[in-house]
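So you know, we letter chains A, B, ... as the sequences are listed, proteins then strands, and number each from 1.
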Protein chains: 2
Amino acid sequence: MNREKFAYSSCPLVKAMTALGSKWKPIIVCVIRDKKVRFGQLAAIMDVISRKVLTDQLRELEADGILIREEFKELPPRVEYSLTQKGLDLLPIFSMLEDWETKYDQQSEVDDLSMHSLQESLVVEKN
Amino acid sequence: MNREKFAYSSCPLVKAMTALGSKWKPIIVCVIRDKKVRFGQLAAIMDVISRKVLTDQLRELEADGILIREEFKELPPRVEYSLTQKGLDLLPIFSMLEDWETKYDQQSEVDDLSMHSLQESLVVEKN
DNA sequence: CGGCATCCTACCCGATACTG
DNA sequence: CAGTATCGGGTAGGATGCCG
């Protein structure tokens, strides 16, 4: 690629957006946060995501080193997902992005769910 | 949508990613930066993007209040794009995202183009 | 419980040609 | 110069069903 134009494949921002720019990945990262979360919990909280897509996204995030998948050979099976340091480092960035959106969103309503309340949902689901 | 699960449509992070999560939008924002840039310059720098797609993305960014399109009724026609305050506020966020990617990218090479060198490309193109 | 396998749809993105 | 118009392919995302 021409250096004087735009080196697409080597641009860090392009790489980052390739890894994170899908429809659900930022949400998944924010929901997991600093906890270990089981697959069923993720599926229950984000029930607008089909299970296939959720699985796909989790696998890609794992391949990009953003989260870790731990499989326990039990019955019934248990799988826990947690963020790596690389994934944890994303949280303040997503927080800024959320603030940016909220600041400029005309439609913002009182009942908006923030990242924080997403985490509260998680706690509820644990029961 | 169920409040106890996940309020997809009202989640600020989802909204932000919907507005910015496309393949090229972050790059466009970073290339324009704090300058007024003509369509032809953008097309020349990001020559991997077809003009149709570039136009589409610019229109969407305009609709989302991230940039402003100024059309001068001259011959030959001139159109200048510049960021709004909303768009300018994205730059530090993208900068963090770029730093994050660079920090964790194993493949990072010396000849990577950063946002800063993107801007240098812009200057070159002005001649 | 936490997946795959399969099929399907929408739409993002690109190539090409044309216009004021 | 800065676009539109049109066509089309690839793929992200979704619905459904089966499995260890």
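A sub-4.0 Å separation between OP1 or OP2 of C:dC1 and a side-chain N or O of A:Arg38 is absent. Applying the 4.0 Å criterion to OP1 and OP2 of C:dG2, one finds that A:Gln41 has every side-chain N and O outside that range.
Computed from coordinates, the B:Arg69 CZ to D:dA2 P distance equals 10 Å when rounded to whole Å. Counting to the nearest Å, the P atom of C:dC12 and the CZ atom of B:Arg59 are 17 Å from each other. As a whole-Å value, the separation of A:Glu71 CD from C:dG2 P is 10 Å. The separation between A:Phe72 atom CZ and C:dC1 atom P is 16 Å, rounded to whole Å. As a whole-Å value, the separation of B:Glu62 CD from D:dG3 C1' is 14 Å. Between the P atom of D:dT11 and the CG atom of A:Asp56 lies a distance of 14 Å, rounded to the nearest Å.
Salt bridge A:Glu70/A:Lys36: present, at least one basic N to carboxylate O contact under 4.0 Å. At a threshold of 4.0 Å, the pair B:Asp99-B:Lys103 does not count as salt-bridged, since none of the basic side-chain nitrogens sits closer than that to a carboxylate oxygen.
You'll find the side chain of A:Leu54 reaches within 4.5 Å of the side chain of A:Ile28, heavy atoms only. In this structure, the side chains of B:Ile68 and B:Glu80 stay at 4.5 Å or more apart for every pair of heavy atoms. Side chains of A:Arg51 and A:Phe39 form a contact here, defined as non-hydrogen atoms less than 4.5 Å apart. Under the 4.5 Å side-chain criterion, counting only non-hydrogen atoms from C-beta, B:Met17 is not in contact with A:Trp24. Counting heavy atoms from C-beta outward, A:Glu62 and A:Arg59 have side chains that approach closer than 4.5 Å.
Counting non-hydrogen atoms under 4.0 angstrom, A:Tyr81 reaches the backbone sugars and phosphates but no base. Residue-level contact check: A:Glu80 touches neither bases nor backbone, having no heavy atom under 4.0 Å from any strand. Within 4.0 Å of B:Glu60, counting heavy atoms only, lies no atom of the nucleic acid at all.
At distances below 3.5 Å, not a single donor-acceptor pair connects side-chain atoms of B:Ser95 with backbone N or O atoms of B:Leu91. Checking side-chain atoms of B:Thr84 against main-chain N and O of B:Gly65 turns up a donor-acceptor pair under 3.5 Å.
The terminal axes of the helix from C:dC1-D:dG20 to C:dG20-D:dC1, fitted over 5 pairs per end, subtend an angle of 50° to the nearest 10°.
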Note to self: Walk along nucleotides 14-20 of chain C from 5' to 3' and tag each nucleotide B, S or - by protein heavy-atom contact under 4.0 Å, base first, then sugar-phosphate.
What the structure shows: BB----B

